[in-house]
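A short worksheet on the structure shown next.
Remember, it's a predicted structure, so these values are computed and weren't measured experimentally.
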Amino acid sequence: MPSTVETPEISAKNGPLYPDYIPHYDPLEKVEMVGAFEHHDVGLRADPSKPNLLGATKKVVELSPHVGTELHGVQLTDLSPEALDELALLTAERGCVVFRDQHEFLDSGFEAQKKIAGHFGPLHVHGWMPHAEKGPAEFVIVYDSKDDLRLRRFWARKNPIQFHVDQSPEAQPPGMTLFAVIEQPEGVGGDTIFASTHRAFMKLSPKFRSRLEGLKAVHTTASQLSREVSDNKDKAMVRRPVTTSIHPVVTVHPVTGQKNLFVNSSYAKSIVGFDDEESDYLLKFLFNHIASGHDFSCRVRYEPGTVVLWDQRSCQHSQTLDYPAGKRRHAFRLTSLANVPIPSKIDEDDDGCHLEEDREMLGLC
């Protein structure tokens with residue numbers, strides 16, 4: 001019987017710049033869940049003025065008013081533990097932070113890269129996406145080319161614009177996440193859109209916000225694993241069984257104290273206690289609210305050596321997949337797990353305008 005283990009066959013000529021990071025598919029591989037742990041958020045011990053991180057920064061660029069900051073002149077490999085703590089704080093505050101020209105980081109190897117990402121918490125192991133054959137299982141390899149069309153197959157016949165939190169069905173979902181671009185198609189395309197889930201929540205009316213607080217939603221990987229099997233048959237990667245958790249619809253970030261919408265179109269399937277039609281109606285509204293929020297989003301354009309870190313407790317993201325099929329895009333992701341989601345509580349002293357000067361100014365109260 002032929003083996004179903006796959007590593008894409010790629011010619012040496014015009015091959016990938018980092019062949020050690022080529023995805024490896026082993027349908028027989030199984031992985032263990034991280035399990036419950038006590039999370040210590042490193043952003044809580046950071047100096048709020050961020051001297052270790054910003055002291056070496058040559059330029060700070062805000063990508064939009066509510067989400068996204070780009071730091072120029074900083075190498076991730078040079079950051080001290082204190083600077084990484086400050087990076088966690090900045091990312092909690094701004095949702096995502098972008099670094100350019102991180103070739104030293106790309107060249108530093110699996111263990112050094114894993115050490116930086118692991119500073120923020122235990123690293124997640126994905127249930128169906130590939131890692132490199134000789135690399136740690138915590139690496140998620142994103143590889144799209146004519147040699148490997150798995151990613152394209154997964155998104156065929158549906159809109160690739162889907163804002164989500166990676167692996168929200170985990171009992172302790174992701175916090176800080178690192179995405180490093182190795183190769184990128186020439187020209188434009190393949191951007192990631194990030195949306196602030198705090199601003200998404202605050203854009204809702206006070207009465208509607210208070211109705212959402214206290215609700216819970218079911219998050220599950222069932223449909224993703226089903227698609228993996230239907231797309232890839234005997235070569236499907238199902239390393240773990242279906243994961244399902246119940247999380248608050250509105251959560252509190254443990255570092256900033258800000259409230260965030262915590263439902264996403266990839267994994268949130270129903271509202272606990274609602275009939276199906278009610279649940280579908282509310283979730284569809286919230287998904288569309290986040291996806292259409294151009295006034296609380298930013299778009300990150302990539303080139304080789306770009307590294308983005310984002311906090312999945314304060315923002316969601318979506319790929320664009322708008323570059324031509326067959327063009328090589330090669331990247332890797334490392335995702336740290338964080339706290340059990342903290343449910344928000346209704347602000348008893350919020351009269352509808354207490355938290356928002358703009359509503360009072362416009363006479364909306």
Donor-acceptor list for residues 268-279 side chains, cut-off 3.5 Å, not counting sequence neighbours:
from   : atom 1 : to     : atom 2 : distance (Å)
Lys269 : NZ     : Ser266 : O      : 3.3
Glu278 : OE1    : Asp275 : N      : 3.0
Ser279 : OG     : Ile271 : N      : 2.7

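- Judged purely by distance below 3.5 Å, without hydrogens or angles, the side chains of Asp144 and Tyr323 pair a donor atom with an acceptor atom.
- A cation-pi arrangement, defined by a distance under 6.0 Å to the six-membered ring centre and an angle within 45 degrees of its axis, is absent between Arg313 and Phe262.
- Counting heavy-atom neighbours within 6.0 Å of Lys327 NZ, excluding the residue itself, gives a total of 12 or less.
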Chi angles and distances behind the salt bridge (Lys or Arg N to Asp or Glu O under 4.0 Å) call for Arg240, Glu228:
CA-CA 12 Å; Arg240 289 172 45 179; Glu228 170 68 15; over 6 Å; no
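- Look at Arg299 and Asp322 and you find a salt bridge, because one of the NZ, NE, NH1 or NH2 atoms lies within 4.0 Å of a carboxylate O, short of that distance.
- For the pairing with Lys284, the side chain to side chain contact (heavy atoms under 4.5 Å, CB included) check across Leu286, Asn288, Asp280 returns one residue only, Asn288.
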Pair up each side-chain donor or acceptor in residues 27-39 with any protein partner under 3.5 Å, not counting sequence neighbours, and list the distances.
from  : atom 1 : to     : atom 2 : distance (Å)
Glu29 : OE1    : His131 : NE2    : 3.1
Glu29 : OE1    : Arg239 : NE     : 3.1
Glu29 : OE2    : His131 : NE2    : 2.9
Lys30 : NZ     : Val238 : O      : 2.8

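- Taking every heavy atom of both residues into account, Arg100 and Tyr302 meet most closely at NH1-CA, 4.0 Å.
- At a threshold of 4.5 Å between side-chain heavy atoms, the hydrophobic network of Ile, Leu, Val, Met, Phe, Trp and Tyr places Leu89 and Leu79 in two separate groups.
- Counting only N and O atoms by type, the side chains of Asp101 and His72 include no donor and acceptor under 3.5 Å apart.
- Annotation for Lys134: atom NZ does not count as buried by contact number, only 12 or fewer foreign heavy atoms lying within 6.0 Å.
- A donor and an acceptor atom, one from each side chain of Ser314 and His253, are nowhere located under 3.5 Å apart.
- Here Tyr143 and His24 keep their ring centres 6.0 angstrom or further from each other.
- A donor-acceptor pair shorter than 3.5 Å cannot be found between the side chains of Glu183 and Tyr18.
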How far apart are the C-alpha atoms of Asp231 and Arg153, what are their side-chain angles, what is the distance that settles it, and do they pass the salt bridge (Lys or Arg N to Asp or Glu O under 4.0 Å) test?
CA-CA 7 Å; Asp231 281 351; Arg153 253 195 322 265; 5.5 Å; no
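- The two residues Leu63 and Val300 have their closest heavy-atom pair at CD1-CG2, 4.1 Å.
- Outside the 6.0 Å centre-distance limit, the rings of Phe99 and Phe105 are not counted as a close aromatic pair.
- Taking every heavy atom of both residues into account, Phe194 and Val67 meet most closely at O-CG1, 3.8 Å.
- Counted within 6.0 Å of OH on Tyr281, heavy atoms from surrounding residues, nucleotides or ligands total 12 or fewer; the atom is thus considered open.
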